[in-house]
Visitor: 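The structure follows.
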Protein chains: 2
Amino acid sequence: MLTIGKLSEATGVKVPTIRYYEQIALLPEPERSTGNQRLYGKAAQDRLNFIRHARDLGFPLEAIRELLGLSDDPNRSCAAADQIANRQLRAVNARISRLIALRDELQRMLQQCSCGTIADCRVIEVLGNHEHCAHDHHEGAMAELIPPSM
Amino acid sequence: MLTIGKLSEATGVKVPTIRYYEQIALLPEPERSTGNQRLYGKAAQDRLNFIRHARDLGFPLEAIRELLGLSDDPNRSCAAADQIANRQLRAVNARISRLIALRDELQRMLQQCSCGTIADCRVIEVLGNHEHCAHDHHEGAMAELIPPSM
DNA sequence: TCTTGCAGCTATAGTCGCTAGAGGAATTAG
DNA sequence: CTAATTCCTCTAGCGACTATAGCTGCAAGA
């Protein structure tokens, strides 16, 4: 039986995140010790590994919930799971191609910057004027690619 | 002079987003008409285009705030702007390589799925068991790549 | 045994970058 | 003049955490 800290270490999921997963019912409420501390067994560890892994692969929690629901009922067709993975693959491919266009533009911007004063800074200029753009990252649908953090 | 709706149309930034930018002081408070409606001039439009463009390139608002601060002082060196853009480029590159690993994994997963019942579905298995992974998306720093939406 | 200090507990609020809704006032089209 | 649209402010919600406050529990050293 693992305490939450040990489970965190074992899976690479942070302690508050584990509690958060419990709160949103992605993990079941675990046993408690006499002193009210959470105690986890192998099943919980497997489940959390599954979640961690799926998160790493970019699945949103709702998709993971769906996948866990499927795997809890192993006689059902896996077509649904397949479909989720397919949907995710398409999303990933789209994000890759947008990011590549974006990278090219950033590189171009940086190459043109002679690093003098702001007055003739290409970075500022390119950002300020869309005419300087090589790519059309102006046509909507771009919002998806913006990262949660830098 | 443009109303907020016209400015929105002209820049492609949604109306509530413009108000939000004003709220967080990324845009200055504009003039108002007699009926208390916001009125924007060319300067505001340029500034908003700058923001829009930088957001498209994935810059977080704080970086944009910094860039706007720099461009207000055109005699300073543009090294700082360059550095911000470089940081962003590195972040983008990191995300690309992780996404490519991710895509490969998803493709592998889908190829192995024989689409019978869950019992022999590789999708669930691969996600649940890290041993099946071709790539090392297990070593931290992965959190960044997770998308805001699917 | 005592104490120190870390780990755990609950609950709440904050993060980022918006987005949605309520409930009104102003402007514009017909 | 009316009706539709746009605008206003304010508040709350999203996803997926993360941080803080103010406790209690527990293991190891003196």
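Protein chains get the first letters and strands the later ones, always in sequence-line order, with residue 1 at the start of each.
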Visitor: Indicate yes or no: does A/R38 engage A/E29 in a salt bridge with an N to O separation below 4.0 Å.
Guide: no
Visitor: Do B/Y40 and B/L48 touch side chain to side chain, with heavy atoms closer than 4.5 Å?
Guide: no
Visitor: What's the closest nucleotide to the B/L61 side chain, out of C/dT19, C/dG17, D/dT9?
Guide: C/dG17
Visitor: CZ of B/R19 versus P of D/dT11: gap in Å, rounded?
Guide: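 One finds 15 Å between P of D/dT11 and CZ of B/R19, rounded.
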Visitor: Out of C/dC18, D/dT18, D/dA16, which nucleotide sits closest to the side chain of A/P16?
Guide: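 Among the listed nucleotides, the one closest to the side chain of A/P16 is D/dT18.
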Visitor: Atom CD of B/E22 and atom C1' of C/dC18: how far apart are they, to the nearest Å?
Guide: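 My rounded result for the distance is 16 Å.
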Visitor: Please confirm whether the backbone N or O of B/T11 pairs with a side-chain atom of B/R52, one donor and one acceptor, at under 3.5 Å?
Guide: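 Confirmed, B/R52 side chain pairs with B/T11 backbone.
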Visitor: In whole angstrom, give the distance that lies between atom CD of A/E31 and atom P of C/dG8.
Guide: 17 Å
Visitor: Identify whether any heavy atom of A/R38 sits under 4.0 Å from a base atom; if not, whether one sits that close to sugar-phosphate; answer base, sugar-phosphate or nothing.
Guide: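 Sugar-phosphate: the residue A/R38, judged by heavy atoms under 4.0 Å, touches backbone atoms but no base.
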Visitor: Quick one: list whatever passes side chain to side chain donor-acceptor pair (under 3.5 Å) with B/R65, sequence neighbours left out.
Guide: B/E62
Visitor: For A/Q107, does the CD atom have more than 12 heavy-atom neighbours from other residues, nucleotides or ligands under 6.0 Å away?
Guide: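 Counting neighbours around CD of A/Q107, more than 12 heavy atoms of other residues, nucleotides or ligands fall under 6.0 Å, so yes.
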Visitor: May I have the distance from A/Y40 (atom OH) to C/dC9 (atom C1'), rounded to whole angstrom?
Guide: 12 Å
Visitor: Quick check for you: among C/dC9, D/dC8, D/dA16, whose closest atom lies nearest to any side-chain atom of A/R32?
Guide: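 For the A/R32 side chain, the nearest candidate turns out to be C/dC9.
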Visitor: Under 4.0 Å, counting only non-hydrogen atoms across every strand here, what does B/I4 touch: a base, just sugar-phosphate, or nothing?
Guide: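 Sugar-phosphate contact only - B/I4 comes under 4.0 Å of backbone atoms but never of a base.
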Visitor: Could you tell me how far apart A/Y20 (OH) and D/dC14 (P) are, to the nearest whole angstrom?
Guide: 10 Å
Visitor: Rounding to an integer number of Å, can you tell me how far B/E62 CD sits from C/dT15 C1'?
Guide: 12 Å
Visitor: Are any protein N/O atoms closer than 3.5 Å to N/O atoms in nucleotides 21-28 of chain C? If there are, list each pair with its distance.
Guide:
unit_1: C/dT27; atom_1: OP1; unit_2: B/G35; atom_2: N; d: 3.3

Visitor: Could you pull out all residues at least two apart from A/S97 that satisfy side-chain contact (heavy atoms from CB on, under 4.5 Å)?
Guide: none
Visitor: If I take atom CD1 in residue B/I18 and atom C1' in nucleotide D/dC8, what distance separates them, rounded to the nearest angstrom?
Guide: 14 Å
Visitor: Roughly, in whole Å, what's the span from CZ in A/R55 to P in D/dA16?
Guide: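 Between P of D/dA16 and CZ of A/R55: 5 Å.
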